[in-house]
Amino acid sequence: MKFDGDDNAYEFYKTYAHSIGFSVKKHQVKRTKEGQVKRRKYSCSKQGKKGFDKRREHVAYERPISRVGCLARMTCQLKNDGMLEIVKVEENHNHDLTPTPMKHMLRSNRKISYAQKAIADDAEKAGLSIKKTIDLLEVQNGGREHNGFLDKDYQNYIGTKRKATMIKGDGQAIMDYFRMAQVEDPSFFHLVQLDDDDLIMNMFWADGRSIIDYKYFGDVVCFDTTYRTNEYGRPFAPFVGVNHMKQTIIFGAALLYDETITSFKWLFEAFLTAMAGNQPKTILTDQSAAMAKAIEEVFTETHHRLCIWHIYQNAAKHLSHVFNASDQFAKDFSACVYDYEEEEEWHKGWNDMLTKYNLRNSEWLHVIFSIREKWAMVYGRHMFTADMKSTQRSESMNNVLKKYLKPKHNMTYFFDHYARLVEDRRYNELLAEFKMRDTSPGLQVDVEMLRHASEVYTPKVFKMFQQEFVKVWDCTIDKINKTEVQVEYKVRYAGRGTEHFVRFEFLSQAVDCSCKKFECVGILCAHALKVLDKKNIKQIPKRYILKRWTKDAKDGDLRSSVRVQGSSEKLIGKRYCNLHYNFREISTLAAENNTMYEHASAVFSNLLKDLQGMRKCSNVGTSHEELCSNHEEDQRVVAGVKTKATVGRPKGRIKGALERRKSHKAQSKPQVDFDICFLL
């Protein structure tokens with residue numbers, strides 16, 4: 001037999017060896033001056049014997065001996081036609097051959113294919129354990145013996161990959177991740193801040209889909225830095241909002257070195273750069289002086305509102321004695337947060353509360369009074385918040401993050417799992433849109449106004465609108481003033497003493513309520529709907545249909561932006577899965593009778609030969625790494641990730657009484673010479 005190369009000869013001998021029951025290795029080789037293989041011996045893996053090593057005298061564990069001096073081999077010689085020809089074969093072995101059930105364990109035949117590596121990488125990004133991934137491949141391949149590798153081989157592959165990432169360093173791994181993301185998504189935006197030592201301080205990133213989402217739903221942004229993850233303990237700061245389905249969406253994210261004014265200013269400026277300078281109408285945050293100062297300097301056109309949930313938490317902390325002493329205090333405090341519509345009424349209510357509960361000397365109440373414009377609804381009713389009064393969107397996102405991100409993750413795995421989180425959230429949005437277009441909401445009352453609302457609004461927003469509409473029947477209305485251009489009404493909801501004033505203009509059919517629900521949430525309130533009903537207006541006026549709450553809020557961009565993308569390495573795994581599914585369907589059909597089975601076998605055999613020939617003759621296209629190398633001009637050399645020094649906490653954990661007692665006994669024993677201990 002002749003072969004056109006060393007590798008082909010080796011592959012042939014491996015196949016032969018596997019059928020017989022032994023493993024092989026490349027042994028002796030002679031080469032020409034040009035480096036071409038002139039003579040090669042392929043031997044049984046048990047060729048030769050293990051030599052004596054003096055160092056083994058001091059080794060506690062020694063590997064079992066596998067080489068027994070077997071002489072089985074195949075020798076190939078280079079001929080004038082440039083082919084390697086078999087010139088000698090020794091078939092006899094001096095050891096037992098491996099039985100058939102164990103042949104898949106032979107070392108030379110074990111290999112994790114490129115497709116399996118791609119699937120393994122995807123499984124690790126999905127958070128699957130090594131055991132679950134092996135079980136998955138076992139099911140796909142029809143048994144563990146058909147995997148082509150042992151469990152230990154897979155564990156070694158994952159371990160080697162992780163070590164390679166650690167050797168590269170988190171700083172360079174972060175920059176590589178950003179470059180690869182930009183190759184896959186040209187709209188991907190990232191910005192990294194380095195200190196004087198070229199260490200990464202702060203970083204911000206947002207993909208193309210996030211930037212598109214901000215275009216449609218970036219009127220209100222929640223920003224929170226309470227979640228900390230990864231080994232550096234950095235504040236993770238996502239920018240989140242709410243879409244037309246009332247689902248949480250992510251506009252971008254950051255990892256900060258600290259929470260100073262400088263860091264926040266850098267981050268907010270980076271965010272505006274990514275979003276083409278478009279500032280949100282409102283930003284919701286927790287209470288932070290540094291954050292507030294940075295927002296004031298950067299978001300000059302944005303209303304800054306504080307998270308009401310955090311206000312309540314701090315109130316329970318600083319005024320716990322008042323909450324425990326009186327149940328009425330919680331209602332009075334809540335009224336100061338939500339109920340008042342006029343500033344004078346609010347001041348009166350606030351002062352009455354301070355007097356009633358003897359709280360005029362409370363320092364905390366003095367502090368929040370000085371920033372009342374940022375949390376009291378009487379000052380924020382005219383500000384659009386998309387029905388978000390707190391950063392609970394961010395808080396709930398933090399709870400979701402805990403399912404994806406673990407403290408043990410290094411930076412590379414942090415970004416991979418964060419990307420998985422974002423993709424899962426977007427798929428939930430796709431499911432919600434499918435359900436919206438496939439079903440219709442139920443109407444509590446079959447009237448024209450609700451039918452119109454169900455046609456334009458998404459299901460969640462329609463539910464909000466319907467809740468307001470059914471209140472109309474419990475509202476009383478009284479005319480208090482009328483002119484040539486407008487009429488004013490006083491509307492009161494049954495069971496409540498609060499009166500709301502609604503103004504209606506005859507020509508424009510504009511309606512304005514003192515509760516300011518439309519200005520704040522984006523849907524008409526029950527008071528305004530009561531007036532429209534009295535004026536015999538049966539559909540929602542166009543000016544009061546906010547596009548961001550409608551079914552067509554995104555103008556089709558959602559469906560066009562969810563195409564599958566990925567690097568060449570990732571696509572190997574995706575192609576493998578698609579082909580595996582198709583061939584499984586073919587195999588299921590072909591196994592029904594012998595004629596179809598023989599036909600499929602012949603076709604598969606010819607297809608395999610064609611593919612092997614194509615791989616041998618064709619040139620592989622531009623790889624993902626080559627694409628990344630085209631962006632050399634964008635590369636920045638970083639020294640690493642800046643870390644903070646640990647202050648005020650001992651490195652070792654505190655030992656219990658039993659451990660201290662054992663430690664004391666051990667220390668009281670006489671010391672033994674180190675060399676003797678080593679030998680023992």
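Here, residue 1 is the first one in the sequence, and each next residue gets the next number.
Lys530 places a side-chain N or O within donor-acceptor distance of the main-chain N or O of Cys475, the cut-off being under 3.5 Å. In terms of modelled atom types and a separation under 3.5 Å, the side chain of Trp375 and the main chain of Ile368 share a donor-acceptor contact. The backbone N or O of Pro280 lies less than 3.5 Å from a partner atom in the side chain of Thr302, making a donor-acceptor pair. The backbone N or O of Thr385 lies less than 3.5 Å from no partner atom in the side chain of Arg305, so there is not a single donor-acceptor pair. Remark: the backbone N or O of Glu269 is paired with a side-chain donor or acceptor of Thr273 at under 3.5 angstrom. Between the side chain of Asn324 and the backbone N or O of Ser320, at least one donor-acceptor pair lies under 3.5 Å. Proximity of a side-chain donor or acceptor of Trp549 to a complementary backbone N or O of Val456 within less than 3.5 Å is not detected. Using a distance-only test at 3.5 Å, with no hydrogens or angles considered, a donor-acceptor pair links the side chain of Arg381 to the main chain of Tyr340. A donor-acceptor pair is defined here as one N or O able to donate and one able to accept, closer than 3.5 Å; no such pair exists between the side chain of Ser454 and the backbone of Pro441. Between the side chain of His452 and the backbone N or O of Ile540, at least one donor-acceptor pair lies under 3.5 Å.
Taking the side chain to side chain donor-acceptor pair (under 3.5 Å) definition, one finds that Glu455 meets it with nothing, sequence neighbours left out. With sequence neighbours left out, Lys281 forms a salt bridge (Lys or Arg N to Asp or Glu O under 4.0 Å) with no residue at all.
Salt bridge Lys554/Glu429: present, at least one basic N to carboxylate O contact under 4.0 Å. One finds a salt bridge joining Arg426 and Asp207 here, because a Lys/Arg side-chain nitrogen approaches an Asp/Glu carboxylate oxygen to under 4.0 Å. Ionic pairing of Arg420 and Glu423 is not present here: no N-O contact between side-chain nitrogen and carboxylate oxygen is shorter than 4.0 angstrom. Using a cut-off of 4.0 Å between Lys/Arg side-chain N and Asp/Glu carboxylate O, Asp387 and Lys246 are scored as salt-bridged. Ion pairing between Lys538 and Asp533 holds under the 4.0 Å rule for side-chain N and carboxylate O. Under 4.0 Å is where a charged nitrogen must lie from a carboxylate oxygen, and between Glu297 and Lys265 at least one such pair does. Of the charged side-chain nitrogens involved, none lies within less than 4.0 Å of a carboxylate oxygen, so that Lys331 and Asp327 do not count as a salt-bridged pair. Between Lys490 and Glu499, at least one side-chain nitrogen of the basic residue sits less than 4.0 Å from a carboxylate oxygen of the acidic one, meeting the salt-bridge criterion.
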List the steps, then state whether side-chain hydrogen bond (donor to acceptor under 3.5 Å, both in side chains) holds for Arg360 with Thr355.
CA-CA 7 Å; Arg360 292 196 175 275; Thr355 303; 2.8 Å; yes
Check against side chain to side chain contact (heavy atoms under 4.5 Å, CB included), His347 and Phe369
CA-CA 10 Å; His347 276 283; Phe369 179 80; 3.8 Å; yes
When you look at Ile174 and Ile200, which way does the side chain to side chain contact (heavy atoms under 4.5 Å, CB included) test go after all the steps?
CA-CA 9 Å; Ile174 290 170; Ile200 294 177; 4.1 Å; yes
How far apart are the C-alpha atoms of Val322 and Leu359, what are their side-chain angles, what is the distance that settles it, and do they pass the side chain to side chain contact (heavy atoms under 4.5 Å, CB included) test?
CA-CA 9 Å; Val322 187; Leu359 294 173; 3.7 Å; yes
Show your working on side-chain hydrogen bond (donor to acceptor under 3.5 Å, both in side chains) between Tyr357 and Asp332 and close with a plain yes or no.
CA-CA 10 Å; Tyr357 300 100; Asp332 293 340; 2.7 Å; yes
After noting the C-alpha distance and the side-chain angles of Val511 and Tyr544, does the key distance pass the side chain to side chain contact (heavy atoms under 4.5 Å, CB included) rule?
CA-CA 9 Å; Val511 61; Tyr544 298 113; 3.8 Å; yes
Please assess Phe251 against Phe217 for the test ring pair (Phe, Tyr, Trp, His ring centres under 6.0 Å), listing each intermediate value before the final yes or no.
CA-CA 9 Å; Phe251 300 134; Phe217 309 113; 8.0 Å; no
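The closest side-chain heavy-atom distance from Asp219 to Thr282 is not below 4.5 Å. Put simply, the side chain of Phe264 does not reach to within 4.5 Å of the side chain of Val298, judged on heavy atoms. Counting only heavy atoms from C-beta outward, the side chains of Val485 and Glu505 never approach each other to under 4.5 Å. Inter-residue side-chain proximity for Ile250 and Tyr214 is flagged as unmet; no heavy-atom pair is nearer than 4.5 Å. A 4.5 Å side-chain heavy-atom check between Gln444 and Gln466 finds at least one atom pair inside the cut-off. Side chains of His190 and Gln182 form a contact here, defined as non-hydrogen atoms less than 4.5 Å apart. Between Gln539 and Glu448 the shortest side-chain heavy-atom distance falls below 4.5 Å. Side-chain atoms of Lys471 and Glu468, non-hydrogen and from C-beta on, do get closer than 4.5 Å to each other.
When the options Thr248, Thr285, Leu284, Val242 are evaluated for a side-chain contact (heavy atoms from CB on, under 4.5 Å) with Cys222, the one that passes is Leu284.
Judged purely by distance below 3.5 Å, without hydrogens or angles, the side chains of Thr483 and Gln486 never pair a donor atom with an acceptor atom. Inspection of the Tyr379 and Arg372 side chains reveals an N or O donor paired with an N or O acceptor under 3.5 Å. Side-chain polar atoms of Tyr216 and Asn243 form no donor-acceptor pair below 3.5 angstrom. No side-chain donor-acceptor contact under 3.5 Å links Thr476 and Tyr493. If you check the side chains of Thr550 and Asp552, you find no donor sitting under 3.5 Å from an acceptor. If you check the side chains of Asp213 and Ser210, you find no donor sitting under 3.5 Å from an acceptor. Checking Glu259 against Ser288 by side-chain atom types alone, no donor-acceptor pair falls below 3.5 Å. Remark: the Ser362 side chain and the His318 side chain contain no N/O donor-acceptor pair separated by less than 3.5 Å.
Ring centroids of Phe223 and Phe271 are separated by 6.0 Å or more, keeping the two rings apart. Two rings, from Phe415 and Phe178, have their centers less than 6.0 Å apart. The aromatic ring centres of Phe501 and Tyr489 sit 6.0 Å or more apart. A ring-centre distance under 6.0 Å is found for Tyr418 and Trp205.
For CG of Asn361, the number of neighbouring non-hydrogen atoms (other residues, nucleotides, ligands) closer than 6.0 Å is 12 at most. More than 12 heavy atoms of other residues, nucleotides or ligands sit less than 6.0 Å from atom NZ of Lys535. For Lys293, the NZ atom is loosely surrounded, since the number of other residues' heavy atoms within 6.0 Å does not exceed 12. For Asn358, the CG atom sits in a loose shell: 12 or fewer heavy atoms of surrounding residues, nucleotides or ligands are nearer than 6.0 Å.
Between Phe329 and Leu319, the shortest heavy-atom contact is CZ-CD1, 3.7 Å.
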